[in-house]
Amino acid sequence: MCGIVGYIGNRDCLGLIIDGLKRLEYRGYDSAGVAILNEDGEINIFKKKGKVKELESQFDFKKLKGHTGIGHTRWATHGEPNDINAHPQSDMTGNISLVHNGIIENFKTLKRKLENEGYTFTSDTDTEVLANLIQYHFKQKNDFELAVRLALTEVEGTYGLAVMNRSEPDKIIIARMGSPLMFGLGKDEIIVSSDAAAIINITKNVIYLEDGEMAVIKFDGFKIKTIKDEEIYREVMKLDYDLEEIEKSGFDHYMLKEICEQPEAIQNTYRGRINFGNGEVKLGGIESVKDDIINARKIIIIACGTAWHAGLLGEYMLEEYCRIPTEVEYASEFRYRNPIIEKGDVVLVISQSGETADTMAALKEAKRLGAVTVGIVNSVGSSIAREVDAGTYIHAGPEIGVASTKAFTCQLMSLILITLMIGKSKGTISEKELKEITEEIKVLPDKMKEIINKRNDYKFIAEEFKDSRNFLYLGRGFNFPVALEGALKLKEISYIHAEGYPAAEMKHGPIALIDENMPVVFIAPKDKTYDKIISNIEEIKARKGKIITIATQDDNEINNYSDYILRVPKTHPILSPILNSIPLQFLSYYIATARGCNVDQPRNLAKSVTVE
Ligand code: F6R
């Protein structure tokens, strides 16, 4: 949630900070602001409700010169999105300027304490309380670093923050607890951010802060300490992607670009990991815990949202092909329900961003309970990637569109690789089937391209249904999680209500919703579930629902049952969810654009949910 950028160096920083905030807008975009230390030693703050471009259009920025500054793009937690609640927040004297991601849970207690000391507040935010608390300690100790440290020892909750002080203008102090923060080391400049996207155009050399750490960033260097004042040495890491990868490359939206990138992304997920000669799968990052996984008593998959849908498919695959009892859990539920973890249990954590607060907290709980933890993560070097015992990166590349697309299909591919790795080692998958699957993986990117090349066909269906108020998505077996994911994609970017169900479960309630106005999307591949799906389609047809099917290329029988058909090439059943997801992504994308929705930044959402 929210994005932070900070700069100290030899360049005028306003443009750099604004540029960085634009790259971070996918994390939150209900208000934005900057604080710049000007040439007279004053801190100028500009902030505005709305997107960064509204902030830009509001003020005559060009005149503002300065080499030190901080900026923020917000996703509101405390206080409605408006100009006053936007960050940076200042203390009542205007000495301290602070940008903050996260939630200060005890802010009411701290606010009362400060009010008793004569402090006054203008916003509804927890961040303003923290700014005043820092000023309170600064007044006592006259030492900025100490003041930040003392303030943070009083704080309960989560934060990633960057703070400036007019009285010690040569530095920015940053700190982290549960909300990502890093800084990049350029030539004569340091750029701070909550996300590599704002740093990569300046440098690839980055340092990640860990929870409970703070750093004092100066023009000529930095030092990292814990909040308990212990010095820390931290290695510089290299970002492994380029600026072009996080730009739109001529597509109208990041989401469209990311849907179309999937053939290449999937190839990156499996490249170098399958021996196509003998079907052996080698995942370097989890070699150290391979035996624990193969011999697991139980596997528990933990994730949120789209990643949870991938996890549900993981459960189906691991049970079918590896015969290991598997459960999939919402991260937010897992941690609060006293879960049972026993010796020999393995926890798989799936996360695109690697920063989701609930997933991180559940991971820590699983570790505390003694599980071997394994990550399936996209963001290299992210908090979850660093916290797990071992992990495999999905290598989907940066995903900027808020609705997850390529990360989902690459998460599925990673789960397939893990399934094949275990299945072969345990002998629970036959050599013949292993061969069939790996041969199919080789041609999967081409089959994905075939679907992508036909994307204009979806526009017509999108036009037909763009004014529908509800949708049902139905699938069976491996394609039930795909139905859930299809419904989520539609809801989040087009604001049309949609539900995913196991197709046969519909008779137990949702069928009451069916009338001539209800579009029902069936995922109907030619596999062992086909005849049953056809019966379910008949049930909807009899009640005049509109049938849209995702069907196999050469299936002519389906013509008798469908009002609209989206075709996908035939593949092995374990791979079919990857192909079937693509038409559903396009359907939601084109419906949302036909409705004039902002697909990359849907209302109320943020790419990375770093608050609980
Ligand atoms: C939906 C979507 C979310 C995320 C969820 C978990 O399109 O993107 O449901 O899947 O917030 O995020 P990660 O995978 O970053 O942990």
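Both ligands and their constituent atoms are indexed starting at 1 by order of listing. In this chain, residues are counted from 1 in sequence order. Fair warning: this is a prediction, and the values are worked out from it, not measured in the lab.
- Those atoms of ligand 1 that come under 4.0 Å of a heavy atom in K489, given as number and element, are 1 (C), 7 (O).
- Atoms of ligand 1 found under 4.0 Å from any heavy atom of E492 (numbered from 1 in listed order, with element): 1 (C), 7 (O).
- Close approach of ligand 1 to S353 (heavy-atom distance below 4.0 Å) involves ligand atoms 13 (P), 15 (O), 16 (O).
- If you look at E355 next to ligand 1, there are no close heavy atoms at all, none under 4.0 Å.
- Between the side chain of K491 and the backbone N or O of A498, at least one donor-acceptor pair lies under 3.5 Å.
- Atoms of ligand 1 lying under 4.0 Å from any heavy atom of S404, numbered from 1 in the order shown and given with element: 7 (O), 8 (O).
- Around atom 16 (O) of ligand 1, the closest heavy atom drawn from T356, T306, I302 belongs to T356.
- Close approach of ligand 1 to V402 is summarised as follows: ligand atoms under 4.0 Å from at least one heavy atom of the residue are 7 (O), 8 (O).
- Ligand 1 places these atoms under 4.0 Å from at least one heavy atom of A403: 7 (O).
- A donor and an acceptor atom, one from each side chain of K22 and T73, are nowhere located under 3.5 Å apart.
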Open item on the list: Apply salt bridge (charged side-chain N to carboxylate O under 4.0 Å, His left out) to residues E387 and K367 and explain how you reach the verdict.
Closed with: CA-CA 9 Å; E387 184 72 25; K367 278 180 88 171; 3.4 Å; yes
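- At a heavy-atom distance under 4.0 Å, no atom of N378 approaches ligand 1.
- Between S351 and ligand 1, a contact under 3.5 Å exists for at least one N or O pair.
- For the side-chain contact (heavy atoms from CB on, under 4.5 Å) criterion with S588, the lone passing option out of I259, V599, L490 is L490.
- Under the 3.5 Å distance criterion, the side-chain polar atoms of H72 are matched with a main-chain donor or acceptor of H100.
- When only modelled atom types and interatomic distance are considered, Q262 and T409 share a side-chain donor-acceptor pair under 3.5 Å.
- Considering both main-chain and side-chain atoms, Q411 never comes within under 3.5 Å of ligand 1 through any nitrogen or oxygen pair.
- In the vicinity of A307, heavy-atom distances shorter than 4.0 Å reach the ligand 1 atoms 10 (O), 14 (O).
- Under 3.5 Å, the side chains of E355 and S382 contain no donor-acceptor pair of N or O atoms.
- Residue-ligand proximity: H309 is placed with every non-hydrogen atom at 4.0 Å or more from ligand 1.
- In terms of modelled atom types and a separation under 3.5 Å, the side chain of D600 and the main chain of G401 share no donor-acceptor contact.
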